[in-house]
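Okay, structure first, notes after.
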Amino acid sequence: MAGGVVLNNGGGKDYPGKLTMFVLFACIVAATGGLIFGYDIGISGGVTSMNPFLMKFFPAVYRKEQEAEKNQSNQYCKFDSPLLTMFTSSLYLAALVASFFASTVTRVAGRKWSMFGGGVTFLVGAALNGAAKNVLMLILGRVLLGIGVGFANQSVPLYLSEMAPARLRGMLNIGFQLMITIGILCANLINYGTAKIKGGWGWRVSLALAAVPAAIIAVGALFLPDTPNSLVDRGHTDSAKRMLRRVRGTDDVEEEYRDLVAASEESKLVTHPWRNILQRRYRPQLTMAIAIPFFQQLTGINVIMFYAPVLFKTLGFADDASLMSAVITGLVNVFATFVSIVTVDRLGRRKLFLQGGTQMLACQIVVGSLIGAKFGFSGVANIPKGYAAFVVLFICAYVAGFAWSWGPLGWLVPSEIFPLEIRSAGQSINVSVNMLFTFIIAQAFLPMLCHFKFILFFFFGAWVVVMTLFIAFFLPETKNVPIEEMVLVWKSHWYWGRFIRDEDVHVGADVEMPAAANGGKVDPAKLAN
Ligand code: BGC
C-alpha cells in the first residue's frame with residue numbers, strides 16, 4: 001500500500017500528513033461553537049435564582065420561594081417549581097427539534113453554514129432575552145437560543161472530527177467540550193458579578209452577554225474552510241483535494257483522497273439518510289447514537305451544572321459561599337478536560353470511559369452516604385462547615401471524572417463512528433437524544449430530590465454502573481482509526497460484527513482485497529500492513 005501506511009493500535013492506516021497551523025486554527029475557531037451551549041448551561045440556574053428576575057416574570061414562583069425560605073423545614077424540597085424549570089428547559093426542546101433541520105443544512109450546504117446559522121440565531125435570541133419585557137419575549141428568546149445550540153452541536157463535532165488527522169482527532173474534537181466548560185465557567189462568574197448589581201437589572205446583563213460567544217462563532221464560521229469530506233460529498237472534488245493538501249500540510253494525500261471519494265460514492269447511493277440509518281448494517285452506530293447521549297445525561301452531571309448553587313445552599317452554605325462552590329466545580333470541570341485532551345489519543349476512549357465511570361460511581365456513593373448520614377430522610381440538619389467542604393470535595397472529584405470521560409467522549413465518539421452517508425443524520429440523533437434527556441433531568445431533578453432524597457445520588461450511581469458495563473462490552477476502541485474506515489472497527493467487533501456483511505465493507509480500493517483473501521473476515525491489523 002502506498003503512502004507510508006503504518007500499523008496502529010485501533011486498526012486501519014495512518015495517512016501521511018502533520019498537524020498544520022491551518023487545521024489547528026480552524027479547529028480552535030470551530031470549537032468556539034461550544035461556548036454558546038456552555039454559556040447557556042451555566043447562566044440559567046443563576047438567573048432564575050435572582051429575585052428581581054423572578055419578581056418580574058414569575059411572581060408566583062417568587063412568593064412560593066419566599067414562603068419556603070421562611071418555614072425552612074425539609075431541605076430536600078426547596079425551590080420546586082415546574083413553571084420555572086420549564087422556562088430553563090424550553091431551550092433544550094427547541095435544540096432537539098432544530099438539530100433535525102441542521103442535519104440537512106450540514107449535509108447539503110456544508111458544516112460551516114450550520115455553525116454560522118447557529119451563531120446568528122443564538123445572537124438574536126440573546127438580544128431578545130436581554131431586552132425582555134414580558135414572558136413571551138423571554139420564551140421566544142430561549143427558543144432561538146435553543147435553535148442556535150441545535151445547529152452548533154450538530155455541526156461542530158462533525159467538523160472537528162473530519163478536519164483532524166486521525167491520530168489527533170480526539171484531542172482536536174475535545175476542543176468543543178473544552179469550550180463548553182469554559183462557557184459554563186464564564187457564565188457562573190458573570191452571574192456571580194451581576195447578582196450583586198443593585199438596580200435589579202443584573203439578569204439582563206447575564207442574558208445579553210450570551211451575544212458575545214454567539215458573535216464569536218458566527219463571525220468565526222465565515223472564515224472557516226469547509227471539510228474535505230463535505231466538499232467531496234457536495235461535488236467540489238478539486239477544491240476538496242486542494243483543501244486536503246492544505247489541511248494535511250503535504251501533497252501526498254492521494255490515498256486519503258481516494259478513501260474520501262469512495263466514502264462519498266457510497267453516500268451517493270443513499271437518498272434517504274433517515275430511512276437508511278435504520279438498516280441492519282448501521283445498527284451498531286445507531287445504538288451508540290442513542291445510548292451514548294442517553295447515558296451521558298444519566299450520569300447526573302447536569303444536576304451539578306444546573307443546580308450547584310441550589311445544591312450547595314441545601315448543604316447549608318450561605319448564598320455567596322454556594323455560588324463560590326459552584327465556581328469551584330466550574331474550574332475543576334475546565335481543568336479536568338485537559339486530562340482527556342492529552343490522553344484521549346494515547347490511552348484511547350475506552351480507558352477514559354472506564355476510569356471516569358469508576359471514579360464517578362465511587363464519588364456518588366460517598367456523596368450520597370455523607371448527605372444521607374446527616375439529613376437522613378427527614379431532610380432536617382445543620383451541617384458543620386468542615387463536613388460540607390468534604391462533600392464539595394467529592395462532588396469536585398465526580399465532576400473531574402465526568403470531565404475526562406463522558407463529557408468530551410459523549411460528543412467525540414458519536415461524531416467519529418458514522419459513515420459519511422448517515423453522518424449528519426446520526427449526529428442529529430445524538431444531539432436530540434442528548435437534549436431530550438438534558439430536558440427530562442432538568443425538569444425532574446427538583447421533584448426527584450424532594451422524593452428520593454439522598455437516594456438520588458445512588459440512583460445516578462446505578463446508571464453509571466450500567467453505562468460502564470455497556471462500554472466495556474459494546475464500545476470498540478476508535479482511537480487513531482481514520483474516520484472513513486471506521487466500518488472496519490465495527491466489522492471486527494465480537495458482537496457488532498454480525499450486523500455487517502462483508503459486502504457492506506467499502507473503504508477504498510486498497511483494503512477490500514485482503515478481506516476477500518481472508519475468507520471474508522476483515523482484520524484491520526492485517527489491512528494496515
Ligand atoms: C454535556 C452537558 C454538560 C457539560 C458539562 C457536556 O458534555 O453535554 O450536558 O452540562 O458537558 O461540562
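For ligands, and for the atoms within them, numbers begin at 1 and follow the listed sequence.
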Exercise. Quick check: does Thr181 get an N/O under 3.5 Å from an N/O on ligand 1?
Worked result: no
Exercise. Phe402 near ligand 1, heavy-atom distance under 4.0 Å?
Worked result: yes
For this session: Take every heavy atom of Gly410, measure it against each atom of ligand 1, and state whether any distance is under 4.0 Å.
Result: no
Problem set entry | Pair Trp463 + Phe460: ring centers closer than 6.0 Å | no
For this session: Would you please indicate if the ring centroids of Phe57 and Phe53 are separated by under 6.0 Å?
Result: yes
For this session: Could you find the nearest protein heavy atom to atom 5 (C) of ligand 1 and give me its residue, atom name and distance?
Result: Ile184 CD1, 3.7 Å
Exercise. Relative to the heavy atoms of Gln296, which atoms of ligand 1 are at a distance of less than 4.0 Å?
Worked result: 1 (C), 6 (C), 7 (O), 8 (O)
Exercise. Which of parallel (below 30°), tilted (30 to 60°) and perpendicular (above 60°) describes Trp274 and Phe100?
Worked result: tilted
Problem set entry | Those atoms of ligand 1 less than 4.0 Å from some heavy atom in Gly407 | 7 (O)
Problem set entry | Numbering as shown, the atoms of ligand 1 that approach Phe37 to under 4.0 Å (heavy-atom distance) | 8 (O)
Exercise. Would you say Ile180 has any N or O atom under 3.5 Å from an N or O of ligand 1, going by distance alone?
Worked result: no
Exercise. Is it true that Tyr495 and Phe473 have ring centroids separated by less than 6.0 Å?
Worked result: no
Seminar exercise, completed: shortest atom 12 (O) of ligand 1-to-protein heavy-atom contact is with Asn333 ND2, 3.0 Å
Problem set entry | Within the 6.0 Å centroid threshold, strictly below: Phe394 and Phe390 | yes
Exercise. What is the closest protein heavy atom to atom 10 (O) of ligand 1, and at what distance does it sit?
Worked result: Asn302 OD1, 2.5 Å
Exercise. Parallel under 30°, tilted from 30 to 60°, perpendicular over 60°: which one fits the rings of Trp113 and Phe116?
Worked result: perpendicular
Problem set entry | Close aromatic pair by centroid cut-off 6.0 Å: Phe338 and Trp404 | no
For this session: Go through the steps to decide whether Arg423 and Glu162 satisfy the test salt bridge (Lys or Arg N to Asp or Glu O under 4.0 Å), and finish with yes or no.
Result: CA-CA 11 Å; Arg423 190 168 299 150; Glu162 288 182 344; 2.5 Å; yes
For this session: Specify side chain, backbone, both or neither for Trp406, according to which of its non-hydrogen atoms lie closer than 4.0 Å to ligand 1.
Result: neither
Exercise. Is the closest N or O pair between Gln177 and ligand 1 shorter than 3.5 Å?
Worked result: yes
